[in-house]
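Read the structure below first, then the notes.
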Amino acid sequence: MSLDGFSVDLGGTKTAVAQIENGVVTRRLQQPTDAGAALADQLTAIETLLAEAGYRHGEPLGVAVAGRVDREGNWHAVNKTTLSAISAAPLGAELAARFGARTKAVNDAAAAAWAEAQLGAGQGTFNFAYLTVSTGIGGGLVLGGRLIESANGLAGHVGFVSSPLGETICGSGRFGTVESVAGGRGIAAAANLPDARAVFESGAHDAIIDRSARAVATLIADLTTILGLDRVAIGGSIGLAPGYLARVATHLSQEPDLFQPALVAATLGHDSGLIGALLMAQQAGREAPFR
Ligand code: ADP
C-alpha cells in the first residue's frame, strides 16, 4: 500500500518523529519529552526534529498523543497524573498553523488500533480491539471496519472502566479503574518500586503482575460482552513483556467460551501509533474517513 509521510508520537516520557515509507517506519528520531513545557515549546521541539528528518511544510503529518483529542482538535489529559499540564490545549489549530492543513492529532492508542486493524494483528476481523498495557492502559475499538471516535475524544479509553480488583482512586478521578490496577504506574506503586520494568526484573512480585493480567482479562471479557469482539490484540511495553500475554490468556480462559475473543500480540510494536496517525492524517477530510 502507499503510505508515505511523517508522524509524531508525543508521549509523556518521549517524543518520537518518524518518516514512513510504504507503511513502514524507515527513520526515527527520538528525544525525552519536556512534560512541563508549554505546548508551543513542545511543538518547536517537534518542528526541529521533523526538519532533521526531512519533513517539508504541507506534507501529511499524523500526531499521536496520550490523552483525548476532541472533535475541534483540542487536547486534554484524562489521567491528570500522566499529563498534568495539558488541559484543552489547541493542538489541532497549532499543528495546522505550523505544518499546514494536512495534519491530524489523534489519541495514540486509537491510532495504534487503526494501524493494527489495517496492517497488523486486527486484519480480517469484524469487531476488533487493541489494548496497550504500558504506563497506563490505552485502547482503540474498530467495529465493522470503523474506528470508534467521539466528539469529546474519550471513546476507546477502556483503561478507565472500573475493575473488580480496583482499590484506589485513579488520576482520572474514577475509583478502581483497570488502569489503576493493571497499568505500569499501578504495578510499580503496589510493589513500591520506581517503575514496572523493575517489578518485572525483580522476579519477586508475581502476584502483582498476575493481578494486572487478571484485570486486563476481565476487561477483555467485559468489552466482548458489550461489543461482540472477535479478536483483541495486546501491545505496550508491559503487554509485550515476556510471559504477560500468556497470563492474560490463562485468566481469560476461566471465562465462559462466549466471552473469550481470540487473543493475540500486536504486530506493529512501537510503530503502531506512528503508522496509525499518518493513516488518519491521510484519510482526514475525505467523505468516509475510516473506510
Ligand atoms: P511507553 O509508554 O512509550 O511504551 P516505556 O516503554 O518507557 O514507555 O514503558 C512504559 C511502561 O512499561 C513503564 O511502566 C515501564 O516501567 C514498563 N516497561 C518498559 N519496559 C518493560 C519491560 N521490558 N518489562 C516490563 N515492563 C516494562
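Order of appearance sets the numbers: ligands from 1, and atoms from 1 within every ligand. All figures in this text were calculated on a predicted structure; none of them were measured in a lab.
By the 4.0 Å N-to-carboxylate-O rule, Lys14 lies too far from Asp9 to be salt-bridged with it.
Panel note: side chain Glu59, backbone Arg56; a donor-acceptor pair is recorded below 3.5 Å. Side-chain atoms of Arg27 never come within 3.5 Å of backbone atoms of Ile20 as a donor-acceptor pair (strictly under, hydrogens ignored). In this structure a side-chain-to-backbone donor-acceptor pair under 3.5 Å is present from Glu116 to Thr267. Put simply, the side chain of Arg214 never gets that close to the backbone of Arg247: no donor and acceptor are under 3.5 Å apart.
Residues with a heavy atom under 4.0 Å from ligand 1: Lys14, Ser134, Thr135, Gly184, Asp195, Ala196, Arg197, Phe200, Ser237, Ile238, Ala241, His270.
Here the OG1 atom belonging to Thr132 is positioned 7.5 Å from the CG atom belonging to Asp108, to the nearest 0.5 angstrom.
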